[in-house]
There are 2 protein chains.
Amino acid sequence: VVRLESVSKVYYMGTQSVKAMVDVSISFEEGCFTAIMGPSGSGKSTMLNLLGCLDRPTSGKYFLSGQDVSNMEDNELSAMRLRRLGFIFQSFNLIPQLTVAENIEMPLYYMGWAADESKSRAEQLAAMVGLSERLDHRPAELSGGQQQRVAVARALANDPSVILADEPTGNLDSATGAQIMDLMADLNSQGKTIIMVTHESHIAVYAKRRIHMLDGRIERIEEAA
Amino acid sequence: VVRLESVSKVYYMGTQSVKAMVDVSISFEEGCFTAIMGPSGSGKSTMLNLLGCLDRPTSGKYFLSGQDVSNMEDNELSAMRLRRLGFIFQSFNLIPQLTVAENIEMPLYYMGWAADESKSRAEQLAAMVGLSERLDHRPAELSGGQQQRVAVARALANDPSVILADEPTGNLDSATGAQIMDLMADLNSQGKTIIMVTHESHIAVYAKRRIHMLDGRIERIEEAA
Ligand SMILES: Nc1ncnc2c1ncn2[C@@H]1O[C@H](COP(=O)(O)OP(=O)(O)OP(=O)(O)O)[C@@H](O)[C@H]1O
Ligand SMILES: Nc1ncnc2c1ncn2[C@@H]1O[C@H](COP(=O)(O)OP(=O)(O)OP(=O)(O)O)[C@@H](O)[C@H]1O
Ligand SMILES: [Mg+2]
Ligand SMILES: [Mg+2]
């Protein structure tokens, strides 16, 4: 279970400050499939970054499996992130110098996997996102949607129990996007928790619950029938 | 008028090669509003990059206002690009070290505009995309959709006659996306030529003509009624 309790996030830039999240409280049950929607700048990526332990709240508490994340050391945090979380970034964050295969293998390298095992895992994942022929290419040699699919594959490498996806189909045509969403639905049916930011309603329908954000707050929550 | 004549683009990577565009012939009339759609990797961005003189065909010809672009020197090309074209990149390509205002002003700086004029032009454009309060912030301090809107504003700075937009609403919620598209429709009604890649059908409807690509070729063309 993932739980935010009165979480706020303020970004300070010199004299100015931006209230990215304001007093947000929400729980995510294990195995849930939730979409986070809302206008540009409403706090969706900020919420996902906090959930992914990539950032800390300015105030409020974040509990991961009952444990108060704010009491954890940075190395504790990154260890748990590595084991339990898979993150698909809005801007992909692929390593330009690494090939597709090496980008996908990254989490496994940090977890100490043997080279041949991580290589075959990367090949399996690349096939799942339709990029088997591009394993030795670098991100700059790929289209936007192909880069996005590498980011998806990398997020699944460590078989995470919680998948955090920030606009996973933003650069994909409907058909390819549906393939990725079918993959997500499949992982969810295996019990994985999926929290996904999307602005596309035909993608949000894969989720059982839809959280609508506005100006850093939760405006409303829709539960699918 | 913009015209591609039997244009092919092959990317060579060591022993491998990718046929990004295969024997494409198409014209774009002055003042048209055209959408380019198709699966991820089908050649949409490659076509836009060629149209935007950011890359050269491997074979075939590209005519811009009747002039064969392949006969132009690089500096001629970039001069014309600066004067006549506005490009919204799929990955924004904002300068991280520059503020929002400075990013928008970039084309005007190269065109030798006076500082105070380019500053007020940047303020006007930032207002048009709803970012007046963020002029002094840097891209890393912005949300994905806010960065995308800065990229839109920058593409319009030099008042181009041809606007090339690669997924201009990919990171925007429906409402904000519609605002950007209303802006595009307005510019088109003023006579500007707009060629836009999108995978979102509710965005493609703004275009009078829709070109569908598949594996580097034009698969079919739809004309709106
Ligand atoms: N610089 C490059 N080097 C090598 N191959 C490239 C390069 N740029 C693009 N390609 C390849 O050319 C093909 C077409 O790419 P393009 O970016 O035009 O696709 P696209 O239709 O824009 O895709 P998307 O919808 O995913 O953005 C893809 O297979 C891509 O991997
Ligand atoms: N590092 C940062 N520094 C300063 N302000 C930030 C930073 N990151 C985000 N913000 C601001 O916080 C607000 C929320 O940003 P966030 O990225 O969460 O929005 P979002 O809902 O994901 O938007 P989008 O749909 O455009 O991606 C925005 O106004 C943004 O400019
Ligand atoms: Mg975001
Ligand atoms: Mg593209």
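Each chain gets a letter, A, B and so on, in the order its sequence line appears, and its residues count up from 1. Predicted, not measured: the structure shown is a model, and the values here were computed from it.
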Salt bridge between [X] and [Y], side-chain N to carboxylate O under 4.0 Å?
X        : Y       : value
A:Asp23  : A:Lys9  : no
A:Arg3   : A:Glu5  : yes
B:Asp74  : B:Arg56 : yes
A:Asp215 : A:Lys19 : no

Identify which part of [X] has an atom lying under 4.5 Å from any heavy atom of chain B, answering side chain, backbone, both or neither.
X       : result
A:Gln16 : side chain
A:Ser40 : both
A:Ser45 : neither

When only pairs under 4.5 Å are counted, which of A:Ser201, A:Gly144, A:Ser42 shares the most heavy-atom pairs with chain B?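 Maximum pair count with chain B is reached by A:Gly144.
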
Which of the residues A:Glu167, A:His137, A:Gln147, A:Glu141 is involved in the greatest number of heavy-atom pairs with chain B at under 4.5 angstrom?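 Going by pairs under 4.5 Å, I would pick A:His137.
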
Do you know which of B:Met13, B:Arg138, B:Gln146 has the most heavy-atom pairs under 4.5 Å to chain A?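 Maximum pair count with chain A is reached by B:Met13.
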
Which of B:Gln148, B:His199, B:Arg149 touches chain A most, by non-hydrogen pairs under 4.5 Å: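 If we count pairs closer than 4.5 Å to chain A, B:His199 comes out on top.
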
Using non-hydrogen atoms and a 4.5 Å limit, figure out which bit of [X] sits close to chain A: side chain, backbone, both or neither.
X        : result
B:Thr198 : neither
B:Val197 : neither
B:Arg134 : side chain

Under 3.5 Å, is there a donor-acceptor pair between the side chain of A:Asp166 and the main chain of A:Met196?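 No: the side chain of A:Asp166 does not pair with the backbone of A:Met196.
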
Do side-chain atoms of A:Thr169 reach the backbone of A:Leu172 as a donor and acceptor pair under 3.5 angstrom?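 No.
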
Can A:Leu94 and A:Phe89 be said to form a side chain to side chain contact (heavy atoms under 4.5 Å, CB included), step by step? CA-CA 9 Å; A:Leu94 300 179; A:Phe89 294 87; over 6 Å; no

